[in-house]
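Only one structure is covered here, and it is reproduced in the block below.
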Amino acid sequence: MTSGTASGTAALQERRYRILVTGYAISSYGTFLNVVALSLYVYAVTDRALAVGVFMAVRLAAGFVAGLAAAAVLARWSAKGVMFWANVAQAAALLLLVLAPDGFRTGTLFAVSAVVGASGTLFMVTLRSSIPDMVGEGRHTWANSLMVSGRSMAMVAGFASSGVVVSLLGYTAAFLVDMATFLVCALTVLLLPMPMGPARGNERGNEEKDGQGKDVEDVEDGQGSQEEEGADGQGRRRDGRRRVPAALVALGAVPVLGLMVALRGIDALGSSSHNAALPVYSTELDADNPAVFVSVFWCVWALGNVLVQQVLQRYTKRTGRSVGALGFGLGTIAMSGTFILAFAGLPWAVTVLVALLAGAADGLTEVSYTSHLQTLPSPLRTHAFGLSATVENLGFGVGMIVVAAALDVFTPLSVVGVAHGAAIVLALVYVARVLRGRGEAQVEEPQEGEEAQEAVPGSEARDGKQGDQGKQEDQGKQEDQGKGESGAGPARGGHRDGAEVSGG
């Protein structure tokens, strides 16, 4: 009966999450339609190309600030409330743009840019950090894959239909369609079985006043009273210094996580290079029909992204494991390499294959990266995702400025090669660090004993720590259990890469 109840609860969680992802995919369509429609509208209203650049800069800057503020916002408001109002805010901003008088259009446009940038970042940080609470343990990879698949298909649909919508229906209709997509997503958020008000924020506030409670003890490995005192001390320091120190603790909570976030930022810079270079390169290939190459490339890219999600879901279901931190590094290398090859002037058939592989590698890195950060305890997870969003916005924003200037002087291949080449170099350093950590773990585990290694998942080790006599006889000493636990679990310290979210 208990098993049946658990199964029914899991099925309900999955159903509601699928509804949310559907709403997210619809709003993502609106977001990508927005990117094209708003940019064209800015140029139509101002008649200045510089205004388009400033518009994008405002959007990225707002996202940057929102990433820094995300943890503070979620400390006071529930995830459900933040996601709901983030969508409502974007819909309201677009309605304001539609109703704005002619003399106020320019100012309204930049206000819309800030609202869309900040709200979009807050929504994504909240969604990613809340997935473990929505779907339960062992379902992270499936949930992340479903989310990435929906966004990939929405991106292609948004980019592909933007020209038709704007040309046939006009800007006002495009903005109203965008507004409707955000309202639909807001409605799907309301179906989540989560509190809407600030109750969760009060709980978090109490946790932080108490030194972050159990979650911080978990990060500090919980090795007795001395460790607990250290954890409490760190909790008080984080509380005293507000949010930034907690984000730094999040980076140190899982091995190589800081390097992983840095790599994500450099990867965002690489992404800015191919996004900016694609129209230039496509025009060089066919000046009469420059949109052909761009459209085909992104459609095939999305197909590769969706296909790899199916593979990842089946792999996780069959093995009980997700792609680890090593997969993120290797995927970044493959992704950057294929994006460089896309600008190498290869035959069409080869370029299509390259685009397919680029999409697959991009999907792999997205899921493995998100799953890795989701192994953190709840209080630190939000800080990590907020900091990650800030770093990604910074990398993409700086990249757009640098790349735009570089494309006036250098070829698309050379610009993309340098930007993604930097990502490959850092990814190689990251992969070497992960492999070294795994090697150290393999060397130390035999010294700790087989039973200590089997206690890795955590619950057995804690039971033994509380006085399980059988385990004490097999292991010899309680201190050995503490050592075994120190390397346990994906969200803990030690030498594990921290990405095995499924516990396999």
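Since we're looking at a predicted model, the values are computed, not measured.
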Task: Reported CE-to-CE distance for the pair Met147 and Met124, which is rounded to 0.5 angstrom - done: 4.5 Å

Open item on the list: Check for me whether the distance between the ring centres of Tyr17 and Trp142 falls short of 6.0 Å.
Closed with: yes

Open item on the list: How close do Val125 and Ala70 get, counting heavy atoms only, and between which atoms?
Closed with: CG1-CB, 3.7 Å

Open item on the list: Lys80 vs Val189, test: side chain to side chain contact (heavy atoms under 4.5 Å, CB included). Steps then yes/no.
Closed with: CA-CA 6 Å; Lys80 182 177 180 178; Val189 171; 3.9 Å; yes

Expected list for residues 107-115: side-chain donor-acceptor pairs under 3.5 angstrom, two or more places apart:
from	atom 1	to	atom 2	distance (Å)
Thr108	OG1	Phe104	O	2.6
Ser113	OG	Phe55	O	2.8
Ser113	OG	Arg59	N	3.1

Could you pull out all donor-acceptor pairs under 3.5 Å where a side-chain atom in residues 84-101 meets a protein atom, sequence neighbours excluded?
from	atom 1	to	atom 2	distance (Å)
Asn87	ND2	Met83	O	2.9
Gln90	NE2	Ala86	O	3.3

- [ ] Ignoring hydrogens and angles, tell me if any N or O in the side chain of Thr411 forms a donor-acceptor pair with the backbone of Ser414 under 3.5 Å.
- [x] yes

- [ ] State, yes or no, whether a side-chain contact exists between Met260 and Phe328 at a heavy-atom distance under 4.5 Å.
- [x] yes

Open item on the list: Which label fits His420 and Phe339: parallel for a plane angle under 30°, tilted from 30 to 60°, or perpendicular past 60°?
Closed with: parallel

Open item on the list: For Val425, give me all partners under side-chain contact (heavy atoms from CB on, under 4.5 Å), at least two apart in sequence or on another chain.
Closed with: none

Open item on the list: Using every non-hydrogen atom in the two residues, find where Leu312 and Ser145 come nearest and quote the distance to one decimal.
Closed with: CB-OG, 3.9 Å

Task: Heavy-atom donor-acceptor pair, Tyr24 side chain to Thr188 backbone, under 3.5 Å - done: no

Task: Closest contact, heavy atoms only, Gly337 versus Ile424 - done: N-CD1, 3.9 Å

TODO: Grab the two heavy atoms, one from Gly150 and one from Ala25, that are nearest each other, plus how far apart they are.
DONE: O-CB, 3.7 Å

Task: 4.5 Å side-chain heavy-atom contact, Pro412 and Glu284 - done: yes

TODO: Mind running side chain to side chain contact (heavy atoms under 4.5 Å, CB included) on Leu20 and Leu127 for me, showing each step along the way?
DONE: CA-CA 10 Å; Leu20 175 63; Leu127 174 60; 3.8 Å; yes

Task: Qualifying salt bridge (charged side-chain N to carboxylate O under 4.0 Å, His left out) pairs, either residue in residues 105-120, two or more places apart - done: Asp102-Arg105

Open item on the list: Please report the interatomic distance CG(Leu346) to CG(Leu341), rounded to the nearest 0.5 Å.
Closed with: 6.0 Å

Task: Residue pairs, two or more places apart or on separate chains, that pass salt bridge (charged side-chain N to carboxylate O under 4.0 Å, His left out) and touch residues 412-431 - done: none

Task: Leu278 side chain near Phe343 side chain, heavy-atom distance below 4.5 Å - done: yes

TODO: Examine distances only and state if a side-chain atom of Arg381 and a backbone atom of Ser129 form a donor-acceptor pair shorter than 3.5 Å.
DONE: yes

Open item on the list: In the structure I gave you, are the side-chain heavy atoms of Tyr281 and His274 within less than 4.5 Å of one another anywhere?
Closed with: no

Task: Sequence neighbours excluded - side-chain hydrogen bond (donor to acceptor under 3.5 Å, both in side chains) pairs with any residue from residues 387-401 - done: Tyr369-Ser388, Ser388-Glu392

Open item on the list: Test side chain to side chain contact (heavy atoms under 4.5 Å, CB included) on Val367 and Thr141; report intermediate values, then the result.
Closed with: CA-CA 7 Å; Val367 172; Thr141 298; 4.0 Å; yes

TODO: Kindly assign one of parallel, tilted or perpendicular to the pair Phe175 and Tyr41, based on the angle between their ring planes and the thresholds 30° and 60°.
DONE: perpendicular

Open item on the list: Quick check: closest heavy atoms across Val391 and Gly265, and the distance to 0.1 Å?
Closed with: CG1-CA, 3.5 Å

Task: Non-hydrogen side-chain atoms of Gln374 and Ile131 separated by less than 4.5 Å - done: yes

Open item on the list: A side-chain contact here means heavy atoms from C-beta on lying under 4.5 Å apart; do Val354 and Val300 qualify?
Closed with: no

- [ ] Answer whether the closest heavy-atom distance between the side chains of Thr31 and Phe182 falls below 4.5 Å.
- [x] yes

Open item on the list: Quick one, Phe293 with Thr283, criterion side chain to side chain contact (heavy atoms under 4.5 Å, CB included). Give me CA distance, side-chain angles, the key distance, then yes/no.
Closed with: CA-CA 9 Å; Phe293 180 82; Thr283 302; over 6 Å; no

Task: Nearest-0.5 Å distance that lies between atom CG in Leu33 and atom OG in Ser28 - done: 12.0 Å

Task: Spacing of OG belonging to Ser336 relative to CD1 belonging to Ile266, to within rounding of 0.5 Å - done: 10.5 Å

Open item on the list: On a heavy-atom basis, which atom in Thr365 and which in Thr332 lie closest, and how many Å separate them?
Closed with: CG2-N, 3.2 Å

Task: Donor-acceptor contact below 3.5 Å, side chain Thr338 vs main chain Met335 - done: yes

Task: Within-4.5 Å side-chain heavy-atom neighbours: Leu183 and Leu187 - done: no

TODO: With rounding to the nearest 0.5 Å, note down the distance linking CG in Asn144 to CD in Gln313.
DONE: 10.0 Å

Open item on the list: Can you tell me how far apart CG (Leu356) and CZ (Phe297) are? Round to the nearest 0.5 Å.
Closed with: 10.5 Å

